[in-house]
Protein chains: 4
Amino acid sequence: MGAVKNKRMPRAVREQQMLDAAVRTFGQRGYRAASMDEIADLAGVSKPLVYLYLNSKEDLFTACIRREAAALTTAVRAGVQPGLPADRQLWAGLRAFFTHTAENPDGWAVLHRQARTHGEPFAVEVAAMREELVAFVTQLIVVAAREAHRDPSLAEREVAGLAEALVGAAESLAAWANATAGVSAKQAAATLMNFAWAGLGDLMENRPWTPPQD
Amino acid sequence: MGAVKNKRMPRAVREQQMLDAAVRTFGQRGYRAASMDEIADLAGVSKPLVYLYLNSKEDLFTACIRREAAALTTAVRAGVQPGLPADRQLWAGLRAFFTHTAENPDGWAVLHRQARTHGEPFAVEVAAMREELVAFVTQLIVVAAREAHRDPSLAEREVAGLAEALVGAAESLAAWANATAGVSAKQAAATLMNFAWAGLGDLMENRPWTPPQD
Amino acid sequence: MGAVKNKRMPRAVREQQMLDAAVRTFGQRGYRAASMDEIADLAGVSKPLVYLYLNSKEDLFTACIRREAAALTTAVRAGVQPGLPADRQLWAGLRAFFTHTAENPDGWAVLHRQARTHGEPFAVEVAAMREELVAFVTQLIVVAAREAHRDPSLAEREVAGLAEALVGAAESLAAWANATAGVSAKQAAATLMNFAWAGLGDLMENRPWTPPQD
Amino acid sequence: MGAVKNKRMPRAVREQQMLDAAVRTFGQRGYRAASMDEIADLAGVSKPLVYLYLNSKEDLFTACIRREAAALTTAVRAGVQPGLPADRQLWAGLRAFFTHTAENPDGWAVLHRQARTHGEPFAVEVAAMREELVAFVTQLIVVAAREAHRDPSLAEREVAGLAEALVGAAESLAAWANATAGVSAKQAAATLMNFAWAGLGDLMENRPWTPPQD
DNA sequence: AATGAATGAGTGTTCATTCAT
DNA sequence: AATGAATGAACACTCATTCAT
């Protein structure tokens, strides 16, 4: 049995307990391998109650995705101060991102690994969140280009590709940082900032980007 | 029923047909959702024959991973000429990578999405291949740094992080290029080269990296 | 379909129904040839319920063995009055044994034929019961020898062999009595008592052992 | 693979190899658990050849039963000298029986355990052999009774029961002797002779039957 | 005399889901 | 607000058996 059985709780609380159990189970076992039995057990309730509140396995998984996606985007947004220069904003966003994914490995696994692996209905859900992150990065690139008085004809698709690459690198580094002992969220963010802002070419000339002190 | 039933084929041929069907099914449905019935049907053989030749679902999936991993690394290696400068090598490797993944979407899905999502035995298989790619990139970075007479004390972990970010960006761009109409392998490679070699900072100052004519 | 479907019964009752069906099916078909489908059908429930309550075919078979072994030893023990002379005790035990096996042919088949034929895990279960019967007989022989003031150096292995022979004869006669029309439990017991107590030699000299009137 | 593959052997030899493999496999695994694959492999031939020569699994098992039954009855008959007194004949027969079963444990397992456990068609086969042994014992009892000038009205069923008990005890002791370290065929036979000829009652009075010196 | 290639039919087991209370 | 009882449908895997050579 999972949690201690506290009987007669208000629905909202029970639902969160179920989602907690579901995120953990889905994150560790995967969508198909996770059984409703295990989730109900871990949540400390009977299976019919899970169905009463969350309708079906698909709906339950979708609810997990939405909750974890909202938590992640909220965390990133909360970490960023809109007024700052583009590089400071990106730095702050990356730190928030790596911190949140490190602290919520199961939620991150649900979003990054499971949701995108198990068919359209779920991939669509997670795509919305990813869009938001990509849009955030895209806007930063555009703003930075404008600030640098760069040719405004910078192709939209080119920017989209860059943003995609940056987000992809971030996702990959999140997994790497979590799996590699001794790599903190801050270090992961610094690595990516160096890569993204200065590029390997600059690095070769010994001018790494330096994170601000905080 | 999937393929036309060609009866009485030598074992080696049948095995490749089964692997073709399995890669397609695993890539599209995922490991758990793919049924041995569907794979056998798509391969145009009966289920017992699949078991006779490939032993079990796990072994079949592992065989898929190995075949696709070998195909990908072979393609990348074949695309690279060892003698060239680091940036030319990276460029060639990326082009080969994006070309191969675009031409083998199911194989790429098996490697990138399914194998890493469904537990240790499979993740280990794919990790070996990824190690190879990361090692290739790592070595390029080290060589480039030496060529640029850069401080040789470049921390190992720092390089590892950069290589990880680059490979992660490549993996992410592969999915993006395949999903976005009109983005060729060459364009995806160029986008990533710009990002990796010059960085966003350089881009802001209007000095994009230019692919060589070929 | 086997039994009439009585829906919604408490677990304990359903379990007994399942064991009834399983003993019958295992006893008649054998362990391997008995299918869980048939057992579930005969019990009037669906297969998943059998698995929910009894876990697996192995566990189900083991549960059958334990139940039937307990029933048999209980019956034999209940038939014997400890204070009586050895021959009276043996007589009572044999009557109980033949009566019980005649009334529970499937249970007896499970114990005597199937359990001992299908591998260690089951043979071990049944061996415990057989030990008990052999021990009962062994102790009677020892007591009888003491009562007869016989040389107490009667070798242990000799006694073990005699007990083994007696129990083996009983097992064999149980099958014979059940298969031969008109042979009652009492007659089977009398035959074995004559054989065991007086031996063929005595029989030749016309001194058969006579069962007490009851 | 089991045996070394000697190609192109005469049919009669191949058949014996197959039966050897089948007896071993059936004896150790049981009828259902033994697979034709394993038997063919152990015999060093391909499965179709087994079917070509022995037709089906049922026929193969039946052939095993017949061969082993014939071997056992032949061994017992060969051990007995018809002219001798009844007790000497019984003694010789038992020795032959225990010796043969100890030397052919798989064959004995096929006859005693497997054949009687797996349905009518096989039980019938083995019953024929058992009849023969029971008949041999029955005749000995009748002869002994006549020699002892006993009342010739000795009920047929009574004799049948005694013979059944004796054979059952022998079967049981064969298993016991094989499983108990240090119990030889001769000792097993002596134990049973004591039990059968003198009975427990005589034993109590210290007059055990003594085997002749040979 | 002998076999590599192939399958129809079935088995144990699991799971998402519902009913009755 | 909550659950014990129950199942339809599917799935991985095996096996006796045959065909074509």
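Just so you know, these numbers come straight off a predicted model, no measurement behind them. In what follows, chains carry the letters A, B, and so on, assigned in the order in which the sequence lines appear, proteins first and then strands, with residues in each chain numbered from 1.
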Quiz item: How do D:Lys57 and B:Ser35 order along DNA chain F: which one's closest nucleotide is nearer the 5' end?
Solution: B:Ser35

Quiz item: Relative to the 5' end of DNA chain F, which residue comes earlier, D:Glu58 or C:Leu52, by the nucleotide with the nearest heavy atom?
Solution: C:Leu52

Which of the following nucleotides, [options], is nearest to the side chain of [X]?
| X | options | answer |
| --- | --- | --- |
| C:Pro48 | F:dA12, E:dA6, F:dA9 | F:dA9 |
| C:Ser56 | E:dT13, E:dA6, E:dT17 | E:dT13 |
| A:Ser46 | E:dA6, F:dA12, F:dA2 | F:dA2 |
| D:Lys47 | E:dA6, E:dT7, F:dT14 | E:dA6 |
| C:Val45 | E:dA2, F:dT7, F:dT14 | F:dT7 |

Any non-hydrogen side-chain atom of [X] less than 4.5 Å from a side-chain atom of [Y]?
| X | Y | result |
| --- | --- | --- |
| D:Thr117 | C:Arg116 | no |
| B:Arg67 | B:Gln16 | yes |
| C:Tyr51 | C:Met36 | yes |
| B:Leu49 | B:Met18 | yes |
| C:Tyr53 | C:Leu60 | no |

Practice problem: Using a 4.0 Å heavy-atom cut-off across all strands, classify C:Arg11 as base, sugar-phosphate, or nothing. | Solution: sugar-phosphate

Quiz item: Taking the six-membered ring of A:Tyr31, is the NZ or CZ of A:Lys57 close enough (under 6.0 Å from the centre) and on axis enough (within 45°)?
Solution: yes

Interatomic distance where [atom1] belongs to [X] and [atom2] belongs to [N] [whole Å]:
| X | N | atom1 | atom2 | answer |
| --- | --- | --- | --- | --- |
| B:Glu38 | F:dA9 | CD | P | 20 Å |
| C:Met9 | F:dT7 | CE | C1' | 17 Å |
| B:Glu15 | E:dG4 | CD | C1' | 14 Å |
| A:Leu60 | E:dA16 | CG | P | 10 Å |
| B:Asp59 | F:dA12 | CG | P | 14 Å |
| D:Asn55 | F:dT18 | CG | P | 9 Å |
| A:Tyr51 | F:dA6 | OH | C1' | 14 Å |
| C:Arg32 | F:dC15 | CZ | C1' | 10 Å |

Quiz item: Taking OP1 and OP2 of E:dA2, is either one under 4.0 Å from a side-chain nitrogen or oxygen of D:Tyr53?
Solution: yes

Self-check item: Short side-chain N/O contact to E:dA2 OP1/OP2 from D:Arg14, under 4.0 Å
Solution: yes

Quiz item: Hey, is the main chain of D:Trp108 close enough, under 3.5 Å, to the side chain of D:His112 for a donor-acceptor pair?
Solution: no

Quiz item: Around atom CZ of B:Arg130, are there more than 12 heavy atoms of other residues, nucleotides or ligands at under 6.0 Å?
Solution: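 Counting neighbours around CZ of B:Arg130, more than 12 heavy atoms of other residues, nucleotides or ligands fall under 6.0 Å, so yes.
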
Quiz item: Between A:Asp37 and B:Leu49, which is nearer to the 5' end of DNA chain E once each is assigned its nearest nucleotide?
Solution: B:Leu49

Exercise. For C:Ala34 and for A:Tyr31, find the nucleotide of DNA chain E with the closest heavy atom, then tell me which residue's nucleotide is more 5'.
Key: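 That would be C:Ala34.
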
Quiz item: Dot-bracket for DNA chain F: what is it, with Watson-Crick or G-U pairs under 3.5 Å, [ ] where a pair crosses earlier ones, and | for a pair to another strand?
Solution: .||||||||||||||||||||

